[in-house]
Amino acid sequence: MKIIESVSAMQAFAYKTRRQGHTIGFVPTMGALHEGHASLVHRARLENDVVVVSIFVNPLQFGPKEDFRKYPRTAARDLALLKAEKADVVFVPTVQSMYPAGFATRIRVPSLDAILEGASRPGHFQGVATVVLKLFNMVQPTRAYFGEKDYQQVRVIRRMIDDLNCSVRLVACPTVREPDGLAISSRNRYLSKKEREEAVKIHQVLFLGRELVSEKIMLDSRQLIRRLSQILAKIPGSKIDYIEVVDPETLEPMQKIRRPAILAAAVRIGKTRLIDNIIIS
Ligand code: PAJ
């Protein structure tokens, strides 16, 4: 497994690989790797000649009051996981090389970036889209792998790829969960033991919501959300950022639930903000 730190070395490797006619599968990450990330690398390994994983905690996508500085950094463990998953290249650029003095360009997808996560985290998706486009230009991937756990991120990146004619195919992969259903996240480690026990309710509520719709018990989203919010509000120290039923493509709120739809939630438990979603298909 090769570790590449410089942008120019990454680009040189990518151009050489593509010139040889090999496909590149790319998994962008911020490190603190877990089984969710591993599932993306595994899939990339199955479908490509060469697998590149980037680890870069991107300052541009964190708000001023968010956890950029204390975001977990676990380099040695990350490299061991990537070796086990047989990644070929780990790309670990520095902040200085990604955003040198004078860096000014921003990529925005306005129709998708101000709702749901974007409403709670202004500027977040601008930071994501900007760094992902830069990474695409450096890694020259044939396919790029993203998790449905961050459903809105998938929509934003898909839109950007289509709109800007990026020659990469986005592959969306299912959410990997703990045995009790909690979506695996790098931020789960912030939870106390008690909070961790309570956190499973987020998935349970989404699951219940899907059942209520599938059984045609509740097809009005306002009524459904009221019911689900009441359950979430019982988690000690919780604050609901949002829970919404939205169109899978446009992410616009859906009143009468026609299928398919996405039921998505963001909940703070203590100081930790967790997101999850479920597809009502
Ligand atoms: P990060 O949070 O490290 O996630 C990297 C990728 O792993 C994302 O595509 C995310 O959706 C996926 N992922 C996280 N948890 C998952 C789970 N439980 N199951 C399946 N996939 C999961 O998302 C980012 O980093 C950044 O925004 C990034 C795209 C790297 C841009 O900075």
Side-chain angles (χ1 to χ4, degrees), residues 34-36 39-40 43 111-121 125 145-159 170-185 187-188 191 193-270 272-281:
H34 51 62
E35 286 162 63
S39 74
L40 306 185
R43 175 94 182 259
S111 60
L112 294 172
D113 74 5
I115 49 179
L116 300 172
E117 281 298 287
S120 305
R121 307 181 67 188
F125 287 113
Y145 296 80
F146 288 84
E148 282 174 349
K149 154 120 188 332
D150 300 284
Y151 189 87
Q152 189 173 5
Q153 176 165 274
V154 170
R155 296 306 325 162
V156 167
I157 301 300
R158 264 199 206 292
R159 189 73 258 163
L170 188 156
V171 182
C173 304
T175 302
V176 178
R177 298 179 179 282
E178 299 284 1
D180 66 359
L182 176 69
I184 300 182
S185 162
R187 293 189 169 99
N188 289 353
L191 298 167
K193 191 160 171 287
K194 188 84 192 76
E195 289 170 341
R196 168 65 188 81
E197 283 165 17
E198 296 287 337
V200 67
K201 287 188 184 147
I202 299 170
H203 171 64
Q204 287 171 348
V205 156
L206 297 180
F207 194 83
L208 170 67
R210 184 170 69 180
E211 290 289 299
L212 291 172
V213 174
S214 304
E215 301 295 325
K216 299 198 169 58
I217 297 168
M218 277 187 195
L219 293 174
D220 175 69
S221 77
R222 219 171 306 165
Q223 194 190 3
L224 180 75
I225 295 314
R226 204 177 312 128
R227 167 92 169 261
L228 301 180
S229 302
Q230 282 165 357
I231 304 174
L232 287 175
K234 286 193 187 125
I235 301 176
S238 71
K239 186 184 161 293
I240 304 169
D241 262 9
Y242 62 81
I243 173 160
E244 282 190 53
V245 180
V246 298
D247 180 276
E249 297 280 321
T250 63
L251 303 183
E252 274 163 15
M254 219 185 246
Q255 278 314 326
K256 286 276 163 260
I257 307 172
R258 311 167 258 107
R259 278 174 271 178
I262 302 293
L263 176 56
V267 181
R268 287 171 205 276
I269 302 184
T272 309
R273 187 172 182 283
L274 300 175
I275 62 170
D276 200 352
N277 67 80
I278 199 164
I279 300 171
I280 304 176
S281 57

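Bear in mind that the values here come from a model prediction, so they are computed numbers and not experimental data.
The residues E117 and R273 are annotated as salt-bridged, a charged nitrogen and a carboxylate oxygen being separated by less than 4.0 angstrom. Ion pairing between D180 and R196 holds under the 4.0 Å rule for side-chain N and carboxylate O.
Residue-environment remark: CD (E35) stays at or below the threshold of 12 foreign heavy atoms within 6.0 Å. A 6.0 Å sphere centred on CZ of R227 holds no more than 12 heavy atoms belonging to other residues, nucleotides or ligands.
Rounding to the nearest 0.5 Å gives a distance of 7.5 Å between CG of L112 and CZ of R155. Between E148 atom CD and T175 atom OG1 the span is 6.0 Å, to the nearest 0.5 Å. Atom CD1 in I217 sits 10.5 Å away from atom CD in Q223 (nearest 0.5 Å). To the nearest 0.5 Å, atom CD of residue Q153 and atom CG of residue D113 are 12.5 Å apart. Summarising the geometry, atom CZ belonging to F207 is positioned 12.0 Å from atom CG belonging to L263; distances are rounded to the nearest 0.5 Å. One distance of note links CD of Q204 with CD of E211; it measures 12.5 Å at 0.5 Å rounding.
Counting only heavy atoms from C-beta outward, the side chains of E198 and L191 never approach each other to under 4.5 Å. Between L40 and V171, the closest side-chain pair of non-hydrogen atoms is not below 4.5 Å. Looking only at side-chain heavy atoms (C-beta outward), S229 and L232 stay at 4.5 Å or farther from each other. Residues S221 and M254 fail the side-chain proximity criterion, which asks for heavy atoms closer than 4.5 Å. Residues D241 and V267 fail the side-chain proximity criterion, which asks for heavy atoms closer than 4.5 Å. With a 4.5 Å cut-off on side-chain heavy atoms, K256 and L219 do not count as touching. In this structure, the side chains of K201 and S238 stay at 4.5 Å or more apart for every pair of heavy atoms. Using a 4.5 Å heavy-atom threshold, the side chains of I231 and L208 count as touching.
Counting all heavy atoms, side chain and backbone alike, P260 lies closest to S281 at CB-CA, 4.2 Å. In terms of heavy atoms, S120 sits closest to Y242 at OG-CD2, 4.0 Å. Taking both residues in full, the closest heavy atoms of Y145 and R43 are given as CE2-CG, 3.5 Å, listed atom of the first, atom of the second, then distance.
Using a distance-only test at 3.5 Å, with no hydrogens or angles considered, a donor-acceptor pair links the side chain of N277 to the main chain of K149.
Remark: D276 engages R177, A183, I202, H203, L206 in a side-chain contact (heavy atoms from CB on, under 4.5 Å) (not counting sequence neighbours).
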* Applying side-chain contact (heavy atoms from CB on, under 4.5 Å), run through N188 and L274 and close with a yes or a no. => CA-CA 8 Å; N188 289 353; L274 300 175; 3.4 Å; yes
* To do: Dump the intermediate steps for side-chain contact (heavy atoms from CB on, under 4.5 Å) on Q152 and I115, then the final yes or no.
  => CA-CA 9 Å; Q152 189 173 5; I115 49 179; 3.7 Å; yes
* Asked: Run the side-chain contact (heavy atoms from CB on, under 4.5 Å) check on L251 and Y151 step by step: do they pass?
  -> CA-CA 10 Å; L251 303 183; Y151 189 87; 3.7 Å; yes
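Checked against V245 for a side-chain contact (heavy atoms from CB on, under 4.5 Å), the options L228, I262, I225 give a single hit: I225.
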